[in-house]
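Nothing fancy with the numbering, it's 1 onward along the sequence.
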Amino acid sequence: AEKAASHYPSEPILFLGAEGWHIGVIGIAASKIAEKYWRPTWLFERKGGICKGSARSIPGFDVTDAMASASHLFEKFGGHQAAGGFSFKSEYEEPLRRALSEFALAQLQKNPETWISHISYDCRLELDFLQLDLVKHLDELKPFGHGFEEPLFAIEAEIESVRFLRDKATGEAKHTQVFIQTPQGATHKIMFFHEVYEELGDLQSARFLVYANRNVFRGQVSLSLMGKDWEPL
């Protein structure tokens, strides 16, 4: 499930701010943007002459080192390689954008492959292992976090059907459910939240990258597969 870029970006980071952005969701948004556009991302809210926000990175790029290179322009900052928080005076917005871009450009020139989008998974999983016992073994490895990520599995399966969950307010498709079938005839659901993949409906089979979790509903425990990515077979 590797997605290689055809060229390297002229602007190696995303540094975006606005008034009225909710500070509580900026980190989540920065993660989504960094993953989609495959660039280190700084998002911040402008309020009363101060900008506060969150930074999210791509593998191989340390956002805390980047901020340390321009520490004199920040009021404060902190975090680790993959993520951080920060604040700075609004008057330093443009100098800070330039400083972070220059740091990232130097890193890009040293390690251009860092800016090639890719997803790494832990192992290929045979469909026979899609059972609750898998989750029990994964529970023994917890807690997962930075430096010890939750295992990501690759599975290849026949597609039984594809459904879309719709937004209650707009009626538009919002999430994708893919139902796959094992050789033994068992059916499993792969859930892609906040992604709409209409093209999956035209495929007979695909390779999926998934996380395996435990789902409890009305007292019933089942295996839950959360989709990360996919590609046709």
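Contact check for Leu132 versus Ser222: no side-chain heavy atoms found under the 4.5 Å cut-off. Residues Glu11 and Arg97 form a side-chain contact, since some pair of their non-hydrogen atoms from C-beta on lies under 4.5 Å apart. Ile190 has its side chain within reach of Phe192: a pair of non-hydrogen atoms, C-beta onward, lies under 4.5 Å apart. You'll find the side chain of Trp230 reaches within 4.5 Å of the side chain of Leu203, heavy atoms only. Counting heavy atoms from C-beta outward, Val162 and Phe179 have side chains that stay 4.5 Å or more apart. For the pair Ile50/Phe88, no side-chain contact is recorded, criterion being any heavy-atom separation below 4.5 Å from C-beta on. Phe208 is listed as a side-chain neighbour of Ile180, based on a closest heavy-atom distance under 4.5 Å.
Enclosure of atom CD in Glu19 is not indicated, since only 12 or fewer non-hydrogen atoms of other residues, nucleotides or ligands lie within 6.0 angstrom.
The two residues Ala206 and Leu200 have their closest heavy-atom pair at CB-CD2, 4.5 Å. Contact between Phe164 and Ala173 at its shortest, heavy atoms only, is CB-CB, 4.0 Å.
For the pair Arg124 and Phe153, the cation-pi test (distance below 6.0 Å, angle within 45°) is failed.
For the pair Glu231 and Arg207, the salt-bridge criterion is met [side-chain N within less than 4.0 Å of a carboxylate O]. Using a 4.0 Å cut-off between a side-chain N of Lys or Arg and a carboxylate O of Asp or Glu, Lys142 and Asp139 qualify as a salt bridge. Using a 4.0 Å cut-off between charged nitrogen and carboxylate oxygen, Glu35 and Lys228 count as a salt-bridge pair. Looking at Glu94 and Arg98, a side-chain N of the basic residue comes within less than 4.0 Å of a carboxylate O on the acidic one, giving a salt bridge.
Between Phe44 and Phe15, the angle of the ring planes lies from 30° to 60°, which puts this pair in the tilted group.
Two rings, from Phe148 and Phe144, have their centers less than 6.0 Å apart.
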